[in-house]
Amino acid sequence: MKKIGILTSGGDAPGMNAAIYAVFNRAKSNGISVIGIKKGYKGLINDEFFEMQAADVEGICKRGGTILKSARSKRFKTNEGQKLAIKILESRGIEGLVVIGGNGSLQGAKALAEKTDMKIIGVPSSIDNDINGCDLSIGFSSACDIVTKSIDNIKDTAVSFHTDKPRIFAVEAMGRRSGWISVMAGMAAEADLIIIPEENPSIKCIANNIRNVLSKKNDCVILYAEGISRSDNFIEKLKSELGYRIRHSLLGFQQRGGSPTTSDRILALRMGNAAVDKILEGDSGKFITIQSDKIQVKELDNREDLFYYNKYLELFSDKIVK
Ligand SMILES: Nc1ncnc2c1ncn2[C@@H]1O[C@H](COP(=O)(O)OP(=O)(O)OP(=O)(O)O)[C@@H](O)[C@H]1O
Ligand SMILES: O=P(O)(O)OC[C@H]1O[C@](O)(CO)[C@@H](O)[C@@H]1O
């Protein structure tokens, strides 16, 4: 094999750069040149290619985001878009492709692999950690750290300041369909209640749980995943159900940025190396995964509505509102 391509796709995640670093260096040490494809599948079908050099990856492991840039592409999801992608890749003499991204991006890699002999391997990278069959995706640890620290800060003021009326704090973490960040950061920072889309409890049920917390103390810190509030005005409804003010914090896009944690960098380096190794072994249409600290290569499960929930069952407690 002489030439492989690499792209980052979907929501960018801290640690993507360390994966790029590993892929580049592993490929180079096997005498393979690496073609960087900018802006994910969007850049792929727009032919945004460049030959990567050592200087491109020097010092990038500590940097948040992705030097290759990322994007979402509706056109790539179509059969026509995927055929065009293969045509462009083949015309560039690319024999292998590493796709670094979340669940959707990995589905895209699998769809491409079904249409070509090119060796295509996915590397799971999403702050959401919503990839079935994989304990940890790149970026999750970094995002959790940010949310844990934010809850720590909010708890300092929640427990320190007293008012006659109860003080309720609601903090929104990222996760359209997955509550993983909320569960992990909520447990680590001792949030009082954790609300996740996998359970999707009613407003009445959440309010009852809050009343229960407030029967023991004067403050209640709730961490909820954004999927809960997408379609309706969750905070307003909760406020009118409880009859108390809710002090609301949206953590927003800070969760997706910043320098990756050591564990995200190491995970990304291990997975990036493994992706090149698997391409050289002739694997395709699969993704690199980590389970019980063992790096493996797996078939991607097609179901999009997976209940990712029982990865760490032992951590679940009565803090999660059901
Ligand atoms: N089922 C699919 N088949 C082919 N391509 C897909 C599929 N799902 C997604 N893609 C492609 O992958 C891109 C990224 O997917 P998506 O927006 O779901 O983000 P992601 O990779 O899951 O990352 P994150 O959830 O962290 O944002 C899409 O814009 C689309 O081009
Ligand atoms: O940049 P966009 O498309 O608004 O992405 C937001 C979404 O991406 C994610 O951050 C995952 O990367 C989700 O948690 C969030 O809903």
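First listed ligand is number 1; within each ligand, the first listed atom is number 1. Just the heavy atoms: all of them, side chains too, but no hydrogens, waters or symmetry mates, feed the values below.
For the atom pair CG of L84 and CG of N79, the computed distance is 11.5 Å after rounding to the nearest 0.5 Å.
Taking only nitrogen or oxygen atoms, main chain and side chain alike, F76 does not reach within less than 3.5 Å of ligand 1. For ligand 1, one of its N or O atoms has an N or O atom of R176 under 3.5 Å away. Between G101 and ligand 1, no N or O atom pair is found at a separation short of 3.5 Å. By the 3.5 Å distance cut-off applied to N or O atoms, N103 is counted among the residues near ligand 1. Residue D12 has no N or O atom closer than 3.5 Å to an N or O atom of ligand 2. The shortest N or O to N or O distance between K74 and ligand 1 is not below 3.5 Å. Polar contact check, G104 against ligand 1: a nitrogen or oxygen pair lies under 3.5 Å apart. Checked by distance only, ligand 1 and S73 come closer than 3.5 Å through their nitrogen or oxygen atoms. For S126, a nitrogen or oxygen atom sits less than 3.5 Å from a nitrogen or oxygen atom of ligand 1, counting backbone and side chain alike.
Interface atoms of ligand 1 facing Y41, defined by a heavy-atom separation under 4.0 Å, are 11 (C), 12 (O), 31 (O). Listed by atom number, the atoms of ligand 2 under 4.0 Å from F253 heavy atoms are 1 (O), 4 (O). Residue G175 approaches ligand 2 through these ligand atoms, each under 4.0 Å from one of its heavy atoms: 14 (O). Listed by number with element, the atoms of ligand 1 under 4.0 angstrom from any heavy atom of Q82 are 4 (C). Numbered from 1 in the order shown, with element, the atoms of ligand 1 that lie under 4.0 Å from a heavy atom of K77 read 2 (C), 5 (N), 6 (C), 7 (C), 8 (N), 9 (C), 10 (N), 30 (C). Close contacts of ligand 2 with R256, meaning ligand atoms under 4.0 Å from a residue heavy atom, involve 1 (O), 2 (P), 5 (O), 6 (C), 7 (C), 8 (O), 9 (C), 10 (O), 12 (O). The atoms of ligand 2 that sit less than 4.0 Å from any heavy atom of D128 are 9 (C), 11 (C), 13 (C), 14 (O). Near G108, with a cut-off below 4.0 Å to any heavy atom, the atoms of ligand 1 are 4 (C), 5 (N), 6 (C). Within the listing of ligand 1, atoms 1 (N), 2 (C), 7 (C) sit less than 4.0 angstrom from a heavy atom of Q107. With ligand atoms numbered from 1 in the order given, ligand 2 contributes 12 (O) to contacts under 4.0 Å with heavy atoms of G11.
Here atom 21 (O) of ligand 1 lies nearest to S105 when heavy atoms of S125, S105, A85, G40 are compared. Of the listed residues (E226, R72, M174), the one carrying the non-hydrogen atom nearest atom 5 (O) of ligand 2 is R72. Of the listed residues (G81, G102, S70), the one carrying the non-hydrogen atom nearest atom 20 (P) of ligand 1 is G102.
For the ligand labelled ligand 2, residue Q255 lies outside the 4.0 Å heavy-atom shell.
Residues V99 and I279 do not share a hydrophobic cluster, defined by chaining ILVMFWY side chains whose heavy atoms lie under 4.5 Å apart. Transitive grouping of hydrophobic side chains (ILVMFWY, heavy atoms separated by less than 4.5 Å) brings M174 and I151 into a common cluster.
Around CD of E51, the count of heavy atoms belonging to other residues, nucleotides or ligands within 6.0 Å exceeds 12. A 6.0 Å sphere centred on NZ of K155 holds more than 12 heavy atoms belonging to other residues, nucleotides or ligands. A 6.0 Å sphere centred on NZ of K239 holds no more than 12 heavy atoms belonging to other residues, nucleotides or ligands. More than 12 heavy atoms of other residues, nucleotides or ligands shown are found within 6.0 angstrom of CZ on F169.
Side-chain contact between R211 and L242 is present, with heavy atoms from C-beta onward closer than 4.5 Å.
Annotation: cation-pi geometry not satisfied between K165 and Y244 (NZ/CZ under 6.0 angstrom from ring centroid, within 45° of ring axis). Cation-pi check for R92 over F49 is met; the charged atom lies under 6.0 angstrom from the ring centroid and within 45 degrees of its normal.
Residue K42 does not touch ligand 1, judged by heavy-atom distances below 4.0 Å.
At a cut-off of 3.5 Å, with distance as the only test, a side-chain donor of S259 or R265 sits close to an acceptor on the other residue. Side-chain contact of D128 with S178: a donor-acceptor pair under 3.5 Å is absent, judged by distance alone.
Tested against L89 for a side chain to side chain contact (heavy atoms under 4.5 Å, CB included), the candidates I35, D47, I94 yield a single pass: I94.
Note: Y41 and F76 have parallel aromatic rings, judged against thresholds of 30 and 60 degrees for the angle between ring planes.
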